[in-house]
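Encoded as structure tokens, the structure appears first; notes follow it.
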Amino acid sequence: YQLLRGCRHTTSDAMAMPVAPSGSARFSCQSRGHMDSGGQMRSSRRATNRISVCQKICTRVLSRLVSFSRRNHVTPLLVVGMGLVLLAELYALNYSESLFQYLFVAQGSLTPGLILAPLSHANFDMHYAPNMILFLLLGWPIEARLERRQFLASVGAVAYLPTYLQVLYSVLTSGTAATLGFSGAVFAVPPLLFCLTLQEDHSEDIGFGEMGNIALGLSAAVPLAMLGVLDFFSALPSAEITHSVGYLGGLGYGLYKIR
């Protein structure tokens, strides 16, 4: 009886032994579930932190841009104004090509085009957009470095004078003229900005600073483009006088400012 009883206890103990592993396995699964849930929470928290950091950076950049534009609003107003002129051009061209040329193209006669041509563009994608991108990129920093009257006077001079000289040259050489565009001012801003950055402290910068290096690169590229080494303007009619006089005007005014 004792032997049978011992055998029964042994058997029951042996049968009871697998229960412990089953419990530990259940505990292990529950622990793994908690670990997976914790990992997901940490990943979600990290993603939320990244979004928060991005939002803070975007907010800071936007606030600085708004503050900068409030202090220097002439450049974006000029860009918007020339965009409205382009819309008027398209409307006039749809109505009559002769009306378009009379209003927006500088010719060898007294027409409204002599006033509107420097603010007009032949098309959006190959003329207006590149001009405005470059003017915003470099013209805006120039506005921040000059007094408002100086900036308006310099932009007006390098926009209108090259156009009139281009008309005069074309009339003298071919007897006719037809030109439009803001290219004189656009070609003037790289050397002008580079000269203005030379007055600044670059002891902690690489080269001439971020804007100075960009202006230097474009200042070197523009003469190469005008000489035909770099083909930037093959899709547009040539306006060598406008581009050359605008570039030299910006360079001359920049050298005058740092004398």
Side-chain angles (χ1 to χ4, degrees), residues 58 61-62 64-90 104 116-146 148 151-152 154-160 162-163 166 179-197 207-240 242-251 253-254:
C58 292
V61 170
L62 184 60
R64 289 183 178 180
L65 182 61
V66 171
S67 177
F68 183 82
S69 62
R70 285 177 178 173
R71 297 192 308 270
N72 309 284
H73 55 271
V74 175
T75 301
L77 286 178
L78 285 174
V79 171
V80 172
M82 283 183 277
L84 295 177
V85 172
L86 180 61
L87 292 177
E89 290 179 63
L90 296 176
F104 301 104
L116 294 176
L119 306 177
S120 307
H121 291 85
N123 52 54
F124 176 81
D125 53 344
M126 295 300 298
H127 202 191
Y128 174 81
N131 274 359
M132 295 304 100
I133 291 173
L134 190 58
F135 186 62
L136 275 174
L137 177 64
L138 301 182
W140 221 349
I142 291 175
E143 181 184 355
R145 288 166 168 82
L146 295 177
R148 186 168 301 169
F151 178 71
L152 283 171
S154 60
V155 169
V158 294
Y160 281 88
T163 299
Q166 179 70 57
T179 185
L180 78 168
F182 197 62
S183 298
V186 171
F187 275 63
V189 292
L192 175 55
L193 178 59
F194 176 67
C195 290
L196 294 177
T197 58
F208 300 98
E210 183 177 349
M211 294 310 305
N213 292 334
I214 294 174
L216 175 60
L218 290 173
S219 298
V222 167
L224 295 177
M226 289 189 294
L227 292 173
V229 178
L230 298 177
D231 188 12
F232 287 160
F233 314 103
S234 59
L236 295 174
S238 178
E240 294 91 349
T242 302
H243 298 163
S244 302
V245 174
Y247 182 85
L248 293 175
L251 179 61
Y253 185 60

Inter-residue atom distance [X].[atom1] - [Y].[atom2], 0.5 Å rounding:
X	Y	atom1	atom2	result
I142	F194	CD1	CZ	13.0 Å
L119	L86	CG	CG	12.0 Å
N131	M82	CG	CE	8.0 Å
F187	L218	CZ	CG	10.5 Å
T75	L152	OG1	CG	9.0 Å
F151	E143	CZ	CD	4.5 Å

Looking only at side-chain N and O atoms, does Q166 offer a donor or acceptor that is under 3.5 Å from a partner on T179?
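No.
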Heavy-atom pair with the smallest gap, counting every atom of [X] and [Y]:
X	Y	result
G249	V158	C-CG1, 4.2 Å
S219	P191	OG-N, 3.2 Å
A188	G246	CB-O, 3.0 Å
A157	P162	O-CD, 3.4 Å

Heavy-atom side-chain contact between [X] and [Y] under 4.5 Å:
X	Y	result
H127	S183	yes
Y128	V79	yes
V155	F182	yes
V245	T163	no
L138	M211	yes
L180	H121	no

Assess whether side-chain contact (heavy atoms from CB on, under 4.5 Å) is satisfied between R145 and T197, documenting all intermediate values.
CA-CA 9 Å; R145 288 166 168 82; T197 58; 4.2 Å; yes
Counting only N and O atoms by type, is there a donor-acceptor contact under 3.5 Å from the side chain of Y247 to the main-chain atoms of P190?
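Not confirmed, Y247 side chain does not pair with P190 backbone.
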